[in-house]
Protein chains: 2
Amino acid sequence: MKIQELADKMGLTIHTIRFYEKEGLLDDRHVRRESNNYRNYSEEAIERLKLIKKFQSIGCSLAELKEVLQDHDSNAHTNLQIIDWIRGKKKEIESKKEEYDQMLDTLNKMLKYRTLLMNDPQKAQEMLMTWHASSSD
Amino acid sequence: MKIQELADKMGLTIHTIRFYEKEGLLDDRHVRRESNNYRNYSEEAIERLKLIKKFQSIGCSLAELKEVLQDHDSNAHTNLQIIDWIRGKKKEIESKKEEYDQMLDTLNKMLKYRTLLMNDPQKAQEMLMTWHASSSD
DNA sequence: GCTTGCCCTAGAGTTCACTTTATAGTTTAT
DNA sequence: ATAAACTATAAAGTGAACTCTAGGGCAAGC
């Protein structure tokens, strides 16, 4: 598979794919060269890019990803180290989810206030008072 | 309150605070100048910075934040526009939470595999097979 | 009155994750 | 055979959100 085909399949640009390779996120399990020096991608490249996207979408940096993916490949780190990383990442995600829940709370309050403001400005004003009395801006 | 004190209270650097001001996230409700031109921050500055952190932690850009905070202050946008923004943001957060759930799934699989690898390499190998048969890397 | 430490501005530098550009070789269609 | 469409490399540019530096002013202690 040539680079443009892969790019289309993955919804990336060819530049991005070459960039990932340069950053060490793809190795010869994913890309090889044809006699004309064109890159030729294996099916594994697709899976790798999917994995990159997945991790990236939850806030892994490419540097962090490189670490994990290299662990995945070679045995640079011990199993225990990887298990630790996974546990840490799980905690991170869980606390991020909690933050999101808090934020949803805040947004719901804002929504309630703004809706009230349209229907009953008087009551909205009252709401603002009690809000300010408790905590945030 | 002088800048260093605020920075310490908020866990930011003085550079970051001045940067936020330059970006228009703080106004004269939050900062004024003393006769010597030193910045003097009100208590409201603390609430404002908390709010900035809160929104930022769930992926709002400073530009976006500026919009909302200005709405919050002046009535640059209509109530309906703000309500729309809030609704959109809520959706964003909800789908982000789903992504996080998926990621937790993946991490749990990885953890299971790595744990098995330590206790029963044979079974770990089998697990890898069924995994590869289904989908991801 | 001098040192130390905090304050100011303006602007340059940094990191991340791309994105674009310049230049050139290869393949394919007409 | 030539144009178009694709590939390659190397390197510069971008935007976001800081972060740091240079060069200077004020303030408090000895």
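Keep in mind that the numbers below use all heavy atoms, side chains included, and drop hydrogens, waters and symmetry copies. Remember, predicted model here, so these are calculated numbers, not experimental data. Here is the naming used below: chain letters follow the sequence lines, and residue numbers restart at 1 for every chain.
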Participant: Tell me whether the OP1 or OP2 atom of dC6(C) has a side-chain N or O from Arg18(B) closer than 4.0 Å.
Facilitator: no
Participant: Check the distance between dT19(D)'s C1' and Ile14(B)'s CD1 and give it to me in whole angstrom.
Facilitator: 11 Å
Participant: Quick check on contacts: within residues 1-12 of chain A, what sits under 4.0 Å from DNA chain D by heavy-atom distance?
Facilitator: Lys2(A), Ile3(A), Gln4(A)
Participant: Taking the basic N atoms (NZ, or NE/NH1/NH2) and the acidic carboxylate oxygens, is any pair closer than 4.0 Å for Glu21(B) and Arg18(B)?
Facilitator: no
Participant: Is there a donor-acceptor pair closer than 3.5 Å between any side-chain N or O of Lys112(B) and the backbone N or O of Ala124(B)?
Facilitator: no
Participant: I need the CD-C1' distance between Glu21(A) and dA8(D), as an integer number of Å.
Facilitator: 11 Å
Participant: Which residues pass the side-chain hydrogen bond (donor to acceptor under 3.5 Å, both in side chains) test with Thr16(B), sequence neighbours left out?
Facilitator: Thr13(B)
Participant: Within this structure, what is the NE2-NZ distance for the pair His15(B) and Lys22(B), rounded to the nearest 0.5 Å?
Facilitator: 12.0 Å
Participant: By nearest atom, which of the nucleotides dC8(C), dA8(D), dC18(D) is closest to the Asn37(A) side chain?
Facilitator: dA8(D)
Participant: For Met10(A), is there any backbone N or O sitting under 3.5 Å from a side-chain donor or acceptor partner on Lys53(A)?
Facilitator: yes
Participant: Taking Lys96(B) for its side chain and Ser57(A) for its backbone only, find out whether a donor-acceptor pair lies under 3.5 Å.
Facilitator: yes
Participant: Say whether, by atom type as modelled, one donor and one acceptor occur between the side chain of Asn40(B) and the main chain of Met1(B) under 3.5 angstrom.
Facilitator: yes
Participant: Under 3.5 Å, which protein N or O atoms sit close to an N or O of nucleotides 23-25 of chain C? Give each pair with its distance.
Facilitator:
residue, atom, partner, partner atom, Å
dG25(C), N2, Tyr38(A), OH, 2.9

Participant: Return yes if some donor-acceptor pair links the side-chain N/O of Arg32(B) with the main-chain N/O of Asp28(B) below 3.5 Å, else return no.
Facilitator: yes
Participant: Would you give me the side-chain donor-acceptor pairs under 3.5 Å for residues 115-123 of chain B, sequence neighbours excluded?
Facilitator:
residue, atom, partner, partner atom, Å
Thr115(B), OG1, Leu111(B), O, 2.5
Asn119(B), ND2, Thr115(B), O, 3.3
Asp120(B), OD1, Lys123(B), N, 3.4

Participant: Does a side-chain N-to-carboxylate-O contact under 4.0 Å join Asp101(B) and Lys97(A)?
Facilitator: yes
Participant: Between His15(B) (NE2) and dC7(C) (C1'), how many Å, whole number?
Facilitator: 12 Å
Participant: Whole Å only: how far is the CZ atom of Arg33(A) from the P atom of dA8(D)?
Facilitator: 6 Å
Participant: Got a sec, which residues hit ring pair (Phe, Tyr, Trp, His ring centres under 6.0 Å) with Tyr20(A), two or more places apart in sequence or on another chain?
Facilitator: none
Participant: As a test of reading the structure: which of dT21(D), dA8(D), dC18(C) is closest to the side chain of Thr16(A), going by heavy atoms?
Facilitator: dC18(C)
Participant: So Arg39(A), base contact, sugar-phosphate only, or nothing? Heavy-atom distance under 4.0 Å.
Facilitator: sugar-phosphate
Participant: To the nearest Å, how far apart are Asn36(B) CG and dT9(C) P?
Facilitator: 11 Å
Participant: Specify the separation, in whole Å, of atom CG of Leu65(A) and atom C1' of dC18(C).
Facilitator: 15 Å
Participant: Could you tell me whether Glu94(A) and Lys91(A) have a side-chain N and a carboxylate O separated by less than 4.0 Å?
Facilitator: no
Participant: Without decimals, in angstroms, what is the distance between Glu34(B) CD and dA27(D) C1'?
Facilitator: 12 Å
Participant: If I take atom CG in residue Asn40(B) and atom P in nucleotide dC26(D), what distance separates them, rounded to the nearest angstrom?
Facilitator: 17 Å
Participant: Please write out each protein N/O paired with an N/O of nucleotides 12-17 of chain C under 3.5 Å, distance rounded to 0.1 Å.
Facilitator:
residue, atom, partner, partner atom, Å
dA17(C), OP1, Leu62(A), N, 3.3
dA17(C), OP2, Leu62(A), N, 3.3

